[in-house]
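Worksheet: the structure to be examined is printed underneath.
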Amino acid sequence: MKLDFSQPYDFKKIEDGIYRKWEESGYFNPDKLPGKRKKVFTMVMAPPNITGSLHMGHALEYTLSDALARYKRMQGYKTLWLPGTDHAGIATQNAVEKELKKEGLFRHQLGREKFLEKVWAWREKYGHIIIQQLKSLGVSADWSRLRFTMDQDYQKAVAEAFIHYYEKGWIYRGERTINWCSRCATSLSDLEIEYKEEDGKFYYIKYGPLTLGTARPETKLGDTALAVNPKDKRYKKYVGKEIEIQSVDPSIPREAEPKLKTIKIKVIADPAADPEFGTGVIKVTPAHDIADFEIWQRHPEVPITQVIGPNGRMSEKAGIRYRDLKVVEARKQIVEDMQKLGLLEKIEEYKHNVAHCYRCGTMIEPMLSQQWFLKMPELAKLAIYNVKKGKIKFHPKRWEKVYFDWLKNIKDWCISRQIWWGHRLPVWQHDPICIPKSGGENNFEDCALWQASLNEPKCRKCLAGFHQSEDVLDTWFSSALWPFAALGWPMKTGDLDKFYPTDVLMNDRGIINLWDARMIFSGLEFMGKIPFRVLSVHATVLTREGQRMSKSLGTGIDPMELIAKYGRDAVRFAIIWQAMGGQDIRWSEDALIAGKKFLNKIWNASRFVFSQSQSPDKIDFAQKPRPQTNDDKKIMANFQKNKKIISRRLESYEFGPALRVFYDFFWHDFCDQYLESSKKQVQDPKLKSNTGRILIYILGNSLKILHPFLPHITEAIASEKFGLKNNLLIAESWPR
RNA sequence: GCGCGCGUAGCUCAGUUGGUUAGAGUACUUGCUCGACACGCAAGGGGUCGGAGGUUCGAAUCCUCCCGCGCGCACCA
């Protein structure tokens, strides 16, 4: 490629082709970087989902990471930025199911194996799109080390981790009321649900002598007790007694008029009942409410009735009157029935937060089911201790609080999911568990084994045969191993030796607990070392109006469109320009204009400088010229000063301020002032050649400093016009 | 309910431990096509720094309260 400085700056002509040069050089691979490079710098990329296409959040994260990686590379570090993609269990499965639906297919019609074939085919087809998009941003990751969280080796790592926990006795199987998404047909952890405030109704229902309030009257069919606060004097006389109440008879067919039925229900005392709220009486529905389940654990004598099925419809046990109705339909029906029978005292309007699936938005149905759990107390302790001791630094520090708050009140992690796409649990089991329900933790040893210990394919207790668990692991269980599993763990690889622990992890605040915390305790547990030294939590990109960018809301901005319109470097400029710290960014198109103008400025300043030296060869700019005039002294000193500030800013992950400082120097000090005075200086034969050297020196070194931010234009100019030790700017050393 | 963050020029944002006429980008006004660049240069208009108190010789910067916006967490029956 030949640069034509007689033409105005055109990003299309300049940027294309640069990326290929870098890839061909091999410099993204730390082992192929020139020079001695004793110091090592490592980052792992937060692996994007294979379902995804690049959004502004990615563009921000990867641009900042890339700037850091390039800076460190130039600083002489053996720099590894390890890329990958995530299989993203539920998200990907949903995407493929949607695709199938277009053909009128449903995953159960295909069966597990066929369905997984479809997912792999889908991954082949779409999984690389995001990689291409990353490349068009200029991401300097080592693609030769690209990993996928469902690679063969990675699957081994996940199984190894599971077995490790299993042998420690930290994995158990239990029957619990968990968050259930009836659309995805799987359990979800607490971190995988989102609350939305919704208008609802609050129903006051007569229970014999008592009245209680509830937002979910349909779960009344699964009530097995009433609870009051032990200190509540109003209800003291009922505690421990069974009371007789009139209730709706669920055995009357739906077509017929509702009838009353007399049932008995026990009143228990439990601190979970708040005397201040409602009437102070609550119904206990352990199978469909997580808080009620916890009450049940304190009162195991209370029976459990499951009246809602995994499909989100009322079950057999709800009685023929309600059976098969969707939850909301059943609610309508039972309210109507109770009204007719005079059981409903009053209805109030109220607002409350309703849980939804974070992947598909369906309302969460708490549901009793058998799941696998990982005990968290010891792991949480490790994670807290190491951050408290400062082994891992959070930037900005305030995010530590979010991390500590979660870990301090940690609950055991529900790690099983009832989907097909993911890491299948390496356990062989029979269903249901034959140990009697105790409410506590089930001793599952007799009911499940991991493969290696499976010499007796029958349960010692009930003699039932074993089969491999149908469940897969929570996606985050495998992501938690990323910093070391991506480097080859559990094998003892050279990479693991060289590159673990990593230096910096950069990501959005939304996954501090979902991912970062889990990497921290996993790293400590399996490697005995923290997975990264610094967690840099970057801003979230919002719309100009301050809304969340989202495809479904139509508020998203596609970075690829911006790149097509403004070019890669201009988009990077706009991102970094606005990345002023942890503060959220209200995306402003003005920054793109500023970027465009700045690139034009660089181009034209270069044109001027090169017009001063007609050397046909590549120009040497390594020699530091001696300043002669006052203007010479000023520009040389200013360059030194600003270079130092940039380094300091970058070391503390202040990308925006770093860029702005140098923008100011380059535009005003160098172009507006020195370039202008140089025009006079070159008239003087005594100053002419030295002035030329200063122009070259400042320009060449400015391109170096701007390279982490604007890699394409700087590389294009420098690698063509300047004599570089390794032919490319990317492998040059940072100015001294 | 608890916690966190934010409210500074029309718009998007800086403003490091309190200290001279509060800055940048963008937009706007005027002049300038002089051999890097009109995606430019030079000059300029525009802010009682959300509000009210307080500390101080001095506060956008520290303290208290209030108002507005955003986010996170909570056993929300």
Side-chain angles (χ1 to χ4, degrees), chain A residues 5-6 8-10 190-191 194-195 197-198 200 202-203 205 212-217 219 223 226-227 270-274 277-285 288-295 350-355 366 396 398-402 405-406 408-409 411 509-510 512-513 539-540 542-548 566 570 573-574 577-612 645 648-649 652 654 656-657 659-661 663-664 667-668 671-672 675-676 678-679 695 699:
Chain A
F5 278 107
S6 69
Y9 176 65
D10 178 359
D190 289 345
L191 294 181
E194 280 169 358
Y195 287 95
E197 193 175 70
E198 287 178 6
F202 200 64
Y203 305 89
I205 307 172
L212 62 81
T214 179
R216 304 203 52 196
T219 61
D223 292 349
L226 300 179
D270 194 278
D274 178 359
F277 193 93
T279 60
V281 184
I282 59 177
K283 60 196 197 55
V284 184
T285 319
H288 300 293
D289 187 294
I290 293 172
D292 289 6
F293 183 81
E294 283 166 11
I295 296 176
Y350 93 133
K351 282 186 194 298
H352 61 152
N353 291 320
V354 181
R398 65 185 143 93
W399 294 112
E400 280 182 0
K401 196 176 161 7
V402 173
D405 284 353
W406 183 64
K408 276 181 197 154
N409 306 303
K411 284 202 264 175
R509 58 164 179 257
I512 290 173
N513 293 322
T540 301
L542 306 171
T543 66
R544 195 188 179 97
E545 287 72 37
Q547 286 176 291
R548 193 168 269 281
Y566 295 96
F573 179 97
W577 184 260
Q578 297 181 87
M580 293 309 292
Q583 218 41 55
D584 286 350
I585 294 168
R586 292 186 175 209
W587 184 258
S588 164
E589 196 113 348
D590 293 348
L592 282 161
I593 308 284
K596 199 177 127 195
K597 289 183 178 178
F598 187 53
L599 293 166
N600 190 249
K601 196 75 183 171
I602 295 171
W603 178 258
N604 286 300
S606 304
R607 176 199 292 194
F608 174 77
V609 171
F610 295 131
S611 74
Q612 299 301 306
I645 297 174
R648 206 166 52 227
R649 297 291 201 185
S652 49
E654 297 173 288
L659 174 60
R660 285 174 189 235
V661 164
Y663 170 95
D664 201 51
W667 196 304
H668 300 113
C671 294
D672 290 348
L675 245 56
E676 291 309 319
S678 80
K679 288 174 186 172
L695 286 171
L699 176 66

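Just so it is clear, the values below take in all heavy atoms, side chains as well, and ignore hydrogens, waters and symmetry mates. Labels below follow one simple rule: chain letters A, B, ... track the order of the sequence lines, proteins then strands, and each chain is numbered from 1. What you see is a predicted model, and the numbers here were worked out from it, not measured in a lab.
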_Using a 4.0 Å heavy-atom cut-off, does A/Gly213 contact any base of the nucleic acid, only the sugar-phosphate backbone, or nothing at all?_
sugar-phosphate
*Could you work out the separation of B/G53 and B/G46 based on their P atoms and round it to a whole Å?*
27 Å
*Taking atom C1' in both B/U64 and B/U55, compute the distance separating them and give it to the nearest angstrom.*
11 Å
*Does B/C73 have a Watson-Crick or wobble mate here (both distances under 3.5 Å), and if so which one?*
B/G1
*Considering only atom P, compute the distance from B/C6 to B/G50 and round it to an integer number of Å.*
12 Å
Can you check nucleotides 2-5 of chain B for protein contacts, nitrogen or oxygen pairs under 3.5 Å, and list what you find?
{"residue": "B/G5", "atom": "O2'", "partner": "A/Gln583", "partner atom": "OE1", "Å": "3.4"}
{"residue": "B/G5", "atom": "O2'", "partner": "A/Gln583", "partner atom": "NE2", "Å": "2.9"}

*Within 45 degrees of the axis of the six-membered ring of A/Tyr663 and under 6.0 Å from its centre: does A/Lys601 put its NZ or CZ there?*
no
*Rounded distance in Å - CG (A/Leu542) to P (B/G7)*: 14 Å
*Say you pick atom C1' in B/U29 and the same atom in B/A52; how far apart are they, in whole Å?*
37 Å
_Watson-Crick or G-U counterpart of B/G40, or none if no pair lies under 3.5 Å_ = B/C32
*Any ion pair linking A/Lys401 and A/Asp405 (charged N to carboxylate O, less than 4.0 Å)?*
yes
*Once you apply the 3.5 Å cut-off to both distances, tell me the Watson-Crick or G-U wobble partner of B/G18, or none.*
none
_Presence of A/Arg586 side-chain N/O under 4.0 Å of B/U12 phosphate oxygens OP1/OP2_ = yes
*Does A/Trp587 place a side-chain N or O at less than 4.0 Å from the phosphate oxygens OP1/OP2 of B/U26?*
no
*Tell me what A/Tyr663 touches on the nucleic acid: a base, only sugar-phosphate, or nothing, going by heavy atoms under 4.0 Å.*
sugar-phosphate
*A/Ser652 (side chain) donor-acceptor with A/Glu654 (main chain) under 3.5 angstrom*: no
*Output yes when A/Asp584 and A/Arg509 qualify as a salt bridge under the 4.0 Å nitrogen-oxygen rule, no when they do not.*
yes
*asked:* Please report the distance separating the P of B/U26 from the corresponding atom of B/U17, rounded so that it comes out in whole Å.
replied: 28 Å
*asked:* Could you tell me how far apart A/Met580 (CE) and B/G25 (P) are, to the nearest whole angstrom?
replied: 13 Å
_Assigned partner base of B/G7, Watson-Crick or wobble definition, under 3.5 Å_ = B/C67
*Which part of the nucleic acid, if any, lies within contact of A/Asp274, taking any heavy atom under 4.0 Å across all strands shown: a base, the sugar-phosphate backbone alone, or nothing?*
base
*Identify, with sequence neighbours excluded, every residue that meets salt bridge (Lys or Arg N to Asp or Glu O under 4.0 Å) alongside A/Asp672.*
none
*What does A/Trp603 touch in the nucleic acid at a heavy-atom separation under 4.0 angstrom: a base, only the sugar-phosphate, or nothing?*
nothing
*asked:* By the 4.0 Å heavy-atom rule, please label A/Leu675 as base, sugar-phosphate, or nothing.
replied: base
_My understanding is that a pair needs two contacts under 3.5 Å, Watson-Crick or G-U wobble. By that rule, which nucleotide pairs with B/C62?_
B/G54
_Between P on B/U16 and CZ on A/Arg660, what's the gap in Å once rounded to a whole number?_
15 Å
_Given A/Leu659, A/Leu599, A/Leu592, the one that forms side chain to side chain contact (heavy atoms under 4.5 Å, CB included) with A/Phe573_ = A/Leu659
*Paired with B/G23 by Watson-Crick or G-U wobble geometry, both distances under 3.5 Å: which nucleotide is it?*
B/C13
*Give A/Ala591 one of three labels, base, sugar-phosphate or nothing, depending on what nucleic acid heavy atoms sit under 4.0 Å from its own.*
nothing
*Give the nucleotide from the list B/U12, B/G25, B/G40 with an atom nearest to the side chain of A/Lys597.*
B/G40
*Can you tell me if the side-chain N/O atoms of A/Lys596 get under 4.0 Å from OP1 or OP2 in B/C37?*
no
*For the pair made of CZ in A/Arg216 and P in B/C76, what is the distance, rounded to whole Å?*
12 Å
*Got more than 12 heavy atoms from elsewhere within 6.0 Å of CZ, A/Arg398?*
yes
*With P as the reference atom in both, quote the distance from B/G19 to B/U61 in angstrom, rounded to an integer.*
11 Å
*Please determine if a side-chain N or O atom of A/Lys601 lies less than 4.0 Å away from the OP1 or OP2 oxygen of B/A36.*
no
*asked:* The criterion is salt bridge (Lys or Arg N to Asp or Glu O under 4.0 Å); which residues satisfy it with A/Glu194, sequence neighbours excluded?
replied: none
*Quick one: on RNA chain B, does A/Ala605 or A/Tyr9 contact a more 5' nucleotide (nearest heavy atom)?*
A/Ala605
